[in-house]
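The next block holds one structure in the form of structure tokens; read it before the comments.
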Amino acid sequence: GDNADEQELTDGFHLIIDALKLNGVETIYGVPGIPITDFGRMAQAAGIRVISFRHEQNAGNAAAIAGYLTKKPGICLTVSAPGFLNGLTALANATTNCFPMILISGSSEREIVDLQQGDYEEMDQLAIAKPLCKAAFRVLHAADIGIAVARAIRAAVSGRPGGVYLDLPAKLFSQTMDAKAGEKSLVKVIDAAPAQIPAPSAVKRALDVLKSAKRPLIIFGKGAAYAQADDEIRALVEKSGIPFLQMSMAKGLLPDTHPQSAGAARSTVLKDSDVVMLVGARLNWLLSHGKGKTWGDAPKKFIQIDIEPKEMDSNVEIVAPLVGDIGSCVSALLEGIDGNWPAPPADWISTVNAKRDENIAKMAPRLMKNSSPMDFHGALGALRTVIKERPDAILVNEGANTLDLARGIIDMYQPRKRLDVGTWGVMGIGMGFAVAAAIETGKPVLAVEGDSAFGFSGMEVETICRYNLPVCIVIFNNNGIYRGTDVNPLGGDVATTVFVENARYDRMMEAFGGVGVNVTTPDELKRAVDAAMNSGKPTLINAVIDPAAGTESGRIGNLNPQSVVRKK
Ligand code: ADP
Ligand code: MG
């Protein structure tokens, strides 16, 4: 009637967009489809950058790494059931890695789903998401959108960051309400990730343990990189004089070439240290759970800085738990590390440095080999120089050998520039991470990919070309998984780990208007990457690696179960 004409209305579509914009969301990563196609269009029209991918897992990975890079939740938008499930892998991975992310999925009609009457893409998405993320919410009323978005943001970034699922049934989008009341219902989150100050007694305990050390070591994890407390962390290292290790994604928090870096003496410092301070790093499988051969026989004391109290004592006893956010904890420690702080014993420092210099010298000639076909070391030697010359570029890295060797060989110089497979060692993050890294930072991106790893997200080269992103992908092409030389003893099909021989991945890029280059020597590789990074054009370089180069599972072959039964 007449009343309705006079009353200004808003609806679910607009309220979600307004709620996201009010909270500073600038970018959505997603894949369009029912019931969120129009939502994507309207978000774009409202000035949110909506990046459309070819598969939800890659959009989800993009959102997750956007969260890591910015400390704001990355937003991923998917359709119902299958699209949701594709995105869910990335949400679970984000949660595992402590990256803040919100997966928003459209879903089918509650009435039909709950009675299991067989709706289009019917699935109880909320129930499925719940065990795989930090929090999961469903919104049934337009008037609740404001508070739901606020809650999702807070849940994602406060405390230990992680993934949040927001379930939006199709009907919600077109639900209307009074525009004024709608505007009032929006919530701008205040102090989404409050500082968490450590207790003074815990700070003192940690300082006492650290001071008592004869062979101290600090280990930085990606939590320390995420925290963006870069200056405090540098001061802690330099004022204490303690050698440090950086976990894979923490590399560059301090330059890997820093005089106190023990990166190249890793096995020595893990074995021989007597006090280890963990900063935003978990004692999980990547650190051999803090025990066993890797850690040597000498008694060891652990100090751990983490925002998550439950992380303490997860694998071994933590004698000095320091619970709080890393910025606050490190600042508190710094107050106790003044001019009177004793430098670590000189014999420890000289042992560490001698081992490090010896290992670096041993590696050097292998990195300079200009052979064809290339081996991993020769090719990575060239890329190492690229990053040295372009320290603000972002390095994305996945694969088995390609990952393990690049991690050791390519020095990083600035914080949050190395993005890789993380806690799960998952393959498939490559193109999603590359897209988001380019969009969030505006910096050039170098994605160093095993040929197998690339396959999990390879179709996103179209996305990279479509948005004309400054991404240079280098594929270490050794014709297969781990190596390209396995044979099927029965003949017939090729071995399970072998791909098409002499494949030309560079031509995929050309199909979408990007630049494709095929290279066979480290010199050619260096030239091609330089050209790509100078031009900023989307480029894919097919780097031909010796199919016999590479080892089973890279450095983690020990995780493969072995059969003791040999069938004759
Ligand atoms: P890595 O794999 O590099 O060793 P992990 O992912 O295992 O790193 O560990 C990161 C740790 O950092 C997690 O335990 C997480 O709770 C913690 N963390 C994340 N952000 C912060 C922060 N702002 N302050 C303190 N701890 C944090
Ligand atoms: Mg390979």
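First listed ligand is number 1; within each ligand, the first listed atom is number 1. Counting from 1, the numbers follow the sequence of the chain as shown. Since the structure is predicted, the reported quantities are computational estimates derived from the model, not experimental observations.
The heavy atom nearest to atom 10 (C) of ligand 1, considering only Ala193, Gly280, Ser158, Gly221, is found in Gly280.
In terms of protein heavy atoms, atom 18 (N) of ligand 1 is closest to Gly223 CA, 4.0 Å. For atom 13 (C) of ligand 1, the closest heavy atom belonging to the protein is Asp306 OD2, 3.3 Å. With hydrogens left out, the protein atom closest to atom 25 (C) of ligand 1 is Ile326 CG1, 3.1 Å, a heavy atom. When hydrogens are left out, the protein atom nearest atom 7 (O) of ligand 1 is Arg282 NE, 2.9 Å; that is the closest non-hydrogen contact. Protein heavy atom in closest approach to atom 26 (N) of ligand 1: Ile307 N, 3.2 Å.
Numbered from 1 in the order shown, with element, the atoms of ligand 1 that lie under 4.0 Å from a heavy atom of Ala227 read 23 (N). When each atom of ligand 1 is checked for a heavy atom of Thr423 under 4.0 Å away, the hits are 6 (O). The distance from ligand 1 to the heavy atoms of Gly324 drops below 4.0 Å at these ligand atoms: 24 (N), 25 (C). Shown in contact with Lys222 at under 4.0 Å from a heavy atom are these atoms of ligand 1, numbered in order with element: 1 (P), 2 (O), 3 (O), 5 (P), 6 (O), 8 (O). Within ligand 1, the atoms closer than 4.0 Å to a non-hydrogen atom of Tyr226 are 20 (N), numbered from 1 in the order shown. Listed by number with element, the atoms of ligand 1 under 4.0 angstrom from any heavy atom of Met247 are 3 (O), 4 (O).
Applying side-chain hydrogen bond (donor to acceptor under 3.5 Å, both in side chains) to Asn93 and the options Asn97, Thr95, Thr96 leaves one that passes, Asn97. If you run side-chain contact (heavy atoms from CB on, under 4.5 Å) between Ile197 and each of Ser328, Ser331, Cys329, only Ser328 comes through.
Listed by chain and number, the protein N, O or S atoms at a distance under 2.8 Å from the Mg ion (ligand 2) are Asp451 OD1, Asn478 OD1, Gly480 O.
Crowding of Arg160 atom CZ: a count of heavy atoms from other residues, nucleotides or ligands under 6.0 Å exceeding 12.
Asn542 and Asn477 share a side-chain donor-acceptor pair at under 3.5 Å. For Glu460 and Asn58, the side-chain atoms include at least one donor-acceptor pair closer than 3.5 Å. In summary, the side chains of Thr257 and Lys388 do not present any donor paired with an acceptor at a separation below 3.5 Å, with no hydrogens or angles considered. When only modelled atom types and interatomic distance are considered, Ser314 and Arg282 share no side-chain donor-acceptor pair under 3.5 Å.
Relative to the six-membered ring of Tyr226, Lys71 meets both conditions, a distance below 6.0 Å and an angle of at most 45° to the axis.
Looking at heavy atoms from C-beta onward, Met101 lies out of side-chain contact with Tyr68 at the 4.5 angstrom threshold. Considering only heavy atoms from C-beta on, Met374 stays 4.5 Å or farther from Asp546 through its side chain. Side-chain contact between Ile218 and Leu245 is absent, with no heavy atoms from C-beta onward closer than 4.5 Å. Looking only at side-chain heavy atoms (C-beta outward), Ile410 and Leu380 come within less than 4.5 Å of each other.
Within the 4.0 Å heavy-atom criterion, the part of Asn284 lying near ligand 1 is the side chain and not the backbone.
Using a 4.0 Å cut-off between charged nitrogen and carboxylate oxygen, Lys251 and Asp256 count as a salt-bridge pair.
In terms of N/O distances under 3.5 Å, ligand 1 is not approached by Asp325. In terms of polar-atom proximity, Leu286 is not counted as a contact of ligand 1, lacking any N or O under 3.5 Å from an N or O of the ligand. Distances between N or O atoms of Glu311 and those of ligand 1 include no value under 3.5 Å.
A perpendicular orientation is assigned to the rings of Tyr505 and Phe454, their planes being inclined by more than 60° (bins at 30° and 60°).
At least one heavy atom of Cys98 sits under 4.0 Å from some atom of ligand 1.
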